[in-house]
Amino acid sequence: GISSWKNCGYETIAGSSIGGKEYGERIAVKKSVPEITVEELRQLYAGGHPMCVIDCRTDEEYLNGHLPRAVLIPGGEIPFEIHDLAGDGKLAVVTCGGRTRSILSVYLIQRMGYKNALALEGGTGAWRMKGFGEELESGRVNVKPQISEGSRSKGVNFLERLAREECVAFVSPEQLRLWITKRKIV
């Protein structure tokens with residue numbers, strides 16, 4: 001819990017309404033998460049630059065409109081799939097609806113050791129606001145490759161390491177059921 005987090009020496013933020021967007025903005029600044037503008041990405045598309053474009057939103061959001069050639073990999077699945085998509089040093093551009101989820105995803109990719117990843121500044125919303133909404137694709141038109149065992153294994157290893165580094169405690173399903181039964185948690 002929060003006391004374990006503090007015991008590990010990590011910062012906490014006090015106050016109300018400290019949400020994910022503020023956290024994402026703090027990560028962007030403190031960790032210098034690299035971004036790419038809509039105009040820069042359009043130039044890469046036009047030049048045929050080898051890259052993978054990852055949409056880290058939900059399935060429903062993705063189906064309603066995504067960047068050309070973008071594959072759907074919700075944020076929590078990125079550690080398992082990034083090696084297959086960008087393990088060869090290929091540029092990975094990550095987008096979401098605005099920018100928060102892509103910032104967090106690129107930060108995660110960086111922590112895995114991949115250096116060639118960029119968050120799309122403003123996400124799919126910025127793409128639309130710049131007047132390129134008609135270029136968005138809808139539906140499931142970009143099939144991603146089947147996840148290899150090697151990529152999945154690299155993701156598992158990373159997440160185990162991350163849990164140790166961040167002092168993340170785990171609970172067994174049995175212990176959770178016991179706590180619920182004893183009403184120690186709701």
Counting neighbours of CD on Glu174 that are heavy atoms of other residues, nucleotides or ligands and sit closer than 6.0 Å, is the number greater than 12?
yes
Answer yes or no: is there a donor N or O on one side and an acceptor on the other, between the side chain of Tyr23 and the main chain of Leu104, under 3.5 Å?
no
Could you give all pairs that pass the side chain to side chain donor-acceptor pair (under 3.5 Å) test and reach residues 71-94, with sequence neighbours left out?
Glu81-Lys144, His83-Tyr114, Asp84-Ser148
So if you build clusters from Ile, Leu, Val, Met, Phe, Trp, Tyr with side-chain heavy-atom gaps below 4.5 Å, do Met112 and Leu162 land together?
yes
Any donor-acceptor pair under 3.5 Å from Ser138 side chain to Asn64 backbone
no
Do Leu136 and Met129 belong to the same hydrophobic cluster, where Ile, Leu, Val, Met, Phe, Trp and Tyr are linked whenever their side-chain heavy atoms lie under 4.5 Å apart, directly or via other members?
no
Quick one, Leu85 and Ile73 - any side-chain contact, counting heavy atoms below 4.5 Å?
yes
Can Val141 and His66 be said to form a side chain to side chain contact (heavy atoms under 4.5 Å, CB included), step by step?
CA-CA 10 Å; Val141 295; His66 53 270; 3.7 Å; yes
Return the OG to CD1 distance between Ser105 and Ile82, rounded to the nearest 0.5 Å.
9.5 Å
Among Leu118, Ile54, Leu120, the one residue meeting side-chain contact (heavy atoms from CB on, under 4.5 Å) with Thr95
Leu120
Going by an N to O cut-off under 4.0 Å, is there a salt bridge joining Arg26 and Glu22?
yes
Considering residues at least two apart in sequence or located in another chain, which fulfil the salt bridge (Lys or Arg N to Asp or Glu O under 4.0 Å) criterion with Glu25?
Arg99
Can you list the steps and then say if Ile103 with Glu35 is a side chain to side chain contact (heavy atoms under 4.5 Å, CB included)?
CA-CA 8 Å; Ile103 288 169; Glu35 293 185 284; 4.3 Å; yes
May I have the step-by-step check of side chain to side chain contact (heavy atoms under 4.5 Å, CB included) for Glu40 and Glu121, ending in yes or no?
CA-CA 10 Å; Glu40 291 166 335; Glu121 191 176 280; over 6 Å; no
Minimum heavy-atom distance Phe158-Pro79, with the two atoms named:
CD2-CB, 4.2 Å
Report whether Trp127 and Met51 are members of the same hydrophobic cluster (ILVMFWY, side-chain heavy atoms less than 4.5 Å apart, transitive linking).
yes
Side chains of Val53 and Val71 in contact at under 4.5 Å (non-hydrogen atoms):
no
Tell me every residue that passes side chain to side chain donor-acceptor pair (under 3.5 Å) with Asp59, counting only those two or more places apart in sequence or in another chain.
Arg140
Taking Phe80's backbone N and O only, do any of them form a donor-acceptor pair with Ser151's side chain (distance below 3.5 Å, no angle check)?
yes
State the OH-CD1 distance between Tyr107 and Ile27, to the nearest 0.5 angstrom.
5.0 Å
Tell me, do Leu63 and Leu72 make a side-chain contact under 4.5 Å, heavy atoms counted?
no
Listed partners of Glu165 passing salt bridge (Lys or Arg N to Asp or Glu O under 4.0 Å), at least two apart
Arg111, Arg161
Is there side-chain contact between Pro34 and Gln110, with heavy atoms separated by less than 4.5 Å?
yes
Shared hydrophobic cluster for Val94 and Leu108 (ILVMFWY, side-chain gaps under 4.5 Å)
yes
Enter the distance from Leu176:CG to Thr181:OG1 here, rounded to the nearest 0.5 Å.
9.0 Å
Would you tell me whether Ser172 and Gln175 have side-chain atoms, one donor and one acceptor, within less than 3.5 Å of each other?
no
Does Ser32 have any side chain to side chain contact (heavy atoms under 4.5 Å, CB included) partners at least two apart in sequence or in another chain, and if so, which?
none
How about Thr124 and Glu61: do any of their side-chain heavy atoms sit closer than 4.5 Å?
no
For residues Leu67 and Val38: do they belong to one hydrophobic cluster (side chain heavy atoms under 4.5 Å, members Ile, Leu, Val, Met, Phe, Trp, Tyr)?
yes
Main-chain N/O of Glu149 paired to Ser153 side chain as donor or acceptor, under 3.5 Å:
no
Contacts table for residues 41-49: side-chain donor-acceptor under 3.5 angstrom, sequence neighbours left out:
from	atom 1	to	atom 2	distance (Å)
Arg42	NH1	Glu135	OE1	2.5
Arg42	NH1	Glu135	OE2	2.7
Tyr45	OH	Pro68	O	2.4

